[in-house]
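What follows is a single structure, written as structure tokens, with notes after it.
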Amino acid sequence: MELALPLWFEVGSFVVLLLILAFDLLIVYKRPHIPSPRESALWVAFYVGLALVFALLMLLIGDAEHAGQFLAGWLTEYSLSIDNLFVFVIIMGRFAVPRKYQQEVLMVGIILALVFRGVFILLGAGLIASFSAIFYLFGAFLLWTAFNQAFGTHDDEGTKDGLLIRFARRRLKVSDQYEGNKLRTTVNGKRMFTPLIIVFLALGTTDLLFALDSIPAIFGITQSPFIVFTANVFALMGLRQLYFLLGHLLEKLVYLKYGIAFILAFIGVKLVFHAMHENTLPFINGGEHIEWAPDISTWTSLAVIVGAMVVATVASLVRLHLSGTTVEDAIHGDDDPATTTAEAAPAANSPEDPRT
């Protein structure tokens, strides 16, 4: 279905979203602090409310199909962003980032995620326009990703050095200690990078990998670049506050990964069906459309996405309750959600660090 919204609405949306992100960035830069649970909850509620208002505007200015595609895309990207956030927690703990400066580090991670997703949105839209059979590849990729999501672990994503980080460790001169939010410092008269540079590289490579998953997923819901991009922006806004709000609870939502895997698998199947329905490949059904392939509606997709996340979250909370742990205890944990596993860990390139 070809969707078109008024140009003034699309341009105005981009301007407003850019201003909100700039304001959020300014707050982090001017007032680095550890947000309280109440502050975090209010910000998360504000951003969720903003997304729902935006969906209402799309319903009024466009139609129900516009609003439905945005909601389904936003919820899919939000669930994947929470999964991304879990790896951020591991990275923060691994490199023992001081809690006071985690807001700034998270903001950099979110900006990098937006940049990477923006690039992949342009590439994805171009591929879809020139090669409709790309949906077969997108579908197969999401099914493979769903399998890894369900049966893999996050530990490998957050604790193993990628090629770029290993190269940086060998080539860059990195100091042993953090110095606030500075990237560069002077040690014994020599200019060096602080460990933040390694943290940013780790976040960047993680963002790149998650962008590879998230963009095919949302293109399985809508082919509108505007809806794809705005759904990603709204999914990432408030992620920083959600990090401080959920804390250790992220680790306790043990069934969340299965809910996300189910969503990815569902969208993967939907993409394959869509590719079959629109098939033009000569070696499949003689290049003819496969009419029996179902065309899954936007509202069916929305119901499946919401249902999967609700079931996964409720099941996780029930298991948490049966284990005798309250939600409040799970949120606060021992101390810091990002540093409990690395409270006394050496800095990213310390001589005491066995990784070097």
_Any donor-acceptor pair under 3.5 Å from Q223 side chain to F219 backbone_ = yes
Note to self: I'd like to check M309 versus L256 (side-chain heavy atoms, cut-off strictly below 4.5 Å). Are they in contact?
What the structure shows: yes
Q.
Set out, in order, the CA-CA distance, both residues' side-chain angles and the distance that settles side-chain contact (heavy atoms from CB on, under 4.5 Å) for F226 and M58, then state yes or no.
A. CA-CA 12 Å; F226 172 73; M58 294 190 78; 4.3 Å; yes
Student check: side-chain heavy atoms of L106 and M92 closer than 4.5 Å:
yes
Closest heavy-atom pair, A55 versus A67, reported as atoms and distance to 0.1 Å, is O-CB, 3.5 Å
Side chain of T230, backbone of I227: donor and acceptor closer than 3.5 Å?
yes
Taken to the nearest 0.5 Å, the spacing of L236 CG from I111 CD1 works out to 11.0 Å
Between T194 and Q177, the two heavy atoms sitting closest are CB-O, 4.3 Å
Checklist entry - Mind checking whether Q241 and F46 have side chains closer than 4.5 Å, heavy atoms only? => result no
- Message: For a side-chain contact (heavy atoms from CB on, under 4.5 Å) check, start with the C-alpha distance between L143 and F147, then their side-chain angles and the critical distance, and finish with the verdict.
- Response: CA-CA 6 Å; L143 289 171; F147 178 84; over 6 Å; no
(message) Applying a strict under-4.5 Å side-chain criterion to I, L, V, M, F, W and Y, I'd like to know whether W43 and V16 cluster together.
(response) yes
Is there a donor-acceptor pair under 3.5 Å between the side chain of T298 and the backbone N or O of Q69?
no
Q. Out of curiosity, does V318 fall in the hydrophobic cluster containing V311 (side-chain heavy atoms, cut-off under 4.5 Å, transitive links)?
A. no
Q) Quick one: are the ring centres of F95 and F200 less than 6.0 Å apart? A) no
| Quick one: are the ring centres of Y78 and F234 less than 6.0 Å apart? | no
Looking only at heavy atoms, the pair that brings L80 and A217 closest together is CD1-CB, 4.2 Å
Worksheet item: Above 12 or not: heavy atoms from other molecules or residues under 6.0 Å from CD of E39?
Response: yes
**Asked** Is the number of heavy atoms from other residues, nucleotides or ligands under 6.0 Å of R319 CZ greater than 12?
**Response** no
Review point. Hey, are Y243 and Q102 close enough side-chain-wise for a donor-acceptor pair under 3.5 Å?
Key: yes
Between P98 and Y178, the two heavy atoms sitting closest are CD-CD1, 3.7 Å
Correct closest heavy-atom pair for Y136 and V272 would be CE2-O, 4.3 Å
Requested in this report: Check whether any side-chain heavy atom of S79 lies under 4.5 Å from a side-chain heavy atom of I305, and answer yes or no.
Outcome: no
Subject >> Same cluster (ILVMFWY, side-chain, under 4.5 Å), L60 and L7 >> reply: no
So OG of S316 and NZ of K257: to nearest 0.5 Å the spacing works out to 11.0 Å
Check whether any side-chain heavy atom of F193 lies under 4.5 Å from a side-chain heavy atom of I198, and answer yes or no. no
I'd like to know whether F262 forms a side-chain contact (heavy atoms from CB on, under 4.5 Å) with V304, so could you lay out the CA-CA distance, the side-chain angles of the two residues, the decisive distance to 0.1 Å, and finally the verdict. CA-CA 9 Å; F262 183 83; V304 170; 3.7 Å; yes
Item checked: Note, T76 side chain near I218 side chain (heavy atom, < 4.5 Å) -> no
Does any part of the side chain of E104, heavy atoms only, come nearer than 4.5 Å to the side chain of L196, both counted from C-beta?
no
Is there a donor-acceptor pair closer than 3.5 Å between any side-chain N or O of T205 and the backbone N or O of A202?
yes
When rounded to the nearest 0.5 Å, the distance separating CG of L137 from CZ of F141 is 11.0 Å
Could you walk me through whether L52 and W74 pass side-chain contact (heavy atoms from CB on, under 4.5 Å), step by step?
CA-CA 10 Å; L52 295 177; W74 169 60; 4.0 Å; yes
In terms of heavy-atom contacts, A308 and I263 come closest through CB-CG1, 3.8 Å
Here the gap from L239 atom CG to M107 atom CE, rounded to the nearest 0.5 Å, amounts to 10.5 Å
query: Under a 4.5 Å side-chain heavy-atom rule over Ile, Leu, Val, Met, Phe, Trp and Tyr, are L18 and V119 clustered together?
result: no
Rounded to the nearest 0.5 Å, the CD1 atom of I110 sits from the CZ atom of R117 at a distance of 10.0 Å
One should read off an interatomic distance between F229 CZ and I215 CD1, to the nearest 0.5 angstrom, of 9.5 Å
Margin query: Do L5 and L17 sit in one hydrophobic cluster, given that two such residues count as connected whenever their side-chain heavy atoms are within less than 4.5 Å of each other, even indirectly?
Written below: yes
- What do you reckon, is CZ of R38 surrounded by more than 12 foreign heavy atoms closer than 6.0 Å? no
Exercise. Establish, yes or no, whether a centroid distance under 6.0 Å links the rings of F116 and F210.
Key: no
Side-chain contact test, heavy atoms from C-beta onward, threshold under 4.5 Å: evaluate it for L50 versus I20 and give yes or no.
yes
Partner of V199 under side-chain contact (heavy atoms from CB on, under 4.5 Å), picked from L203, L201, I197, is L203
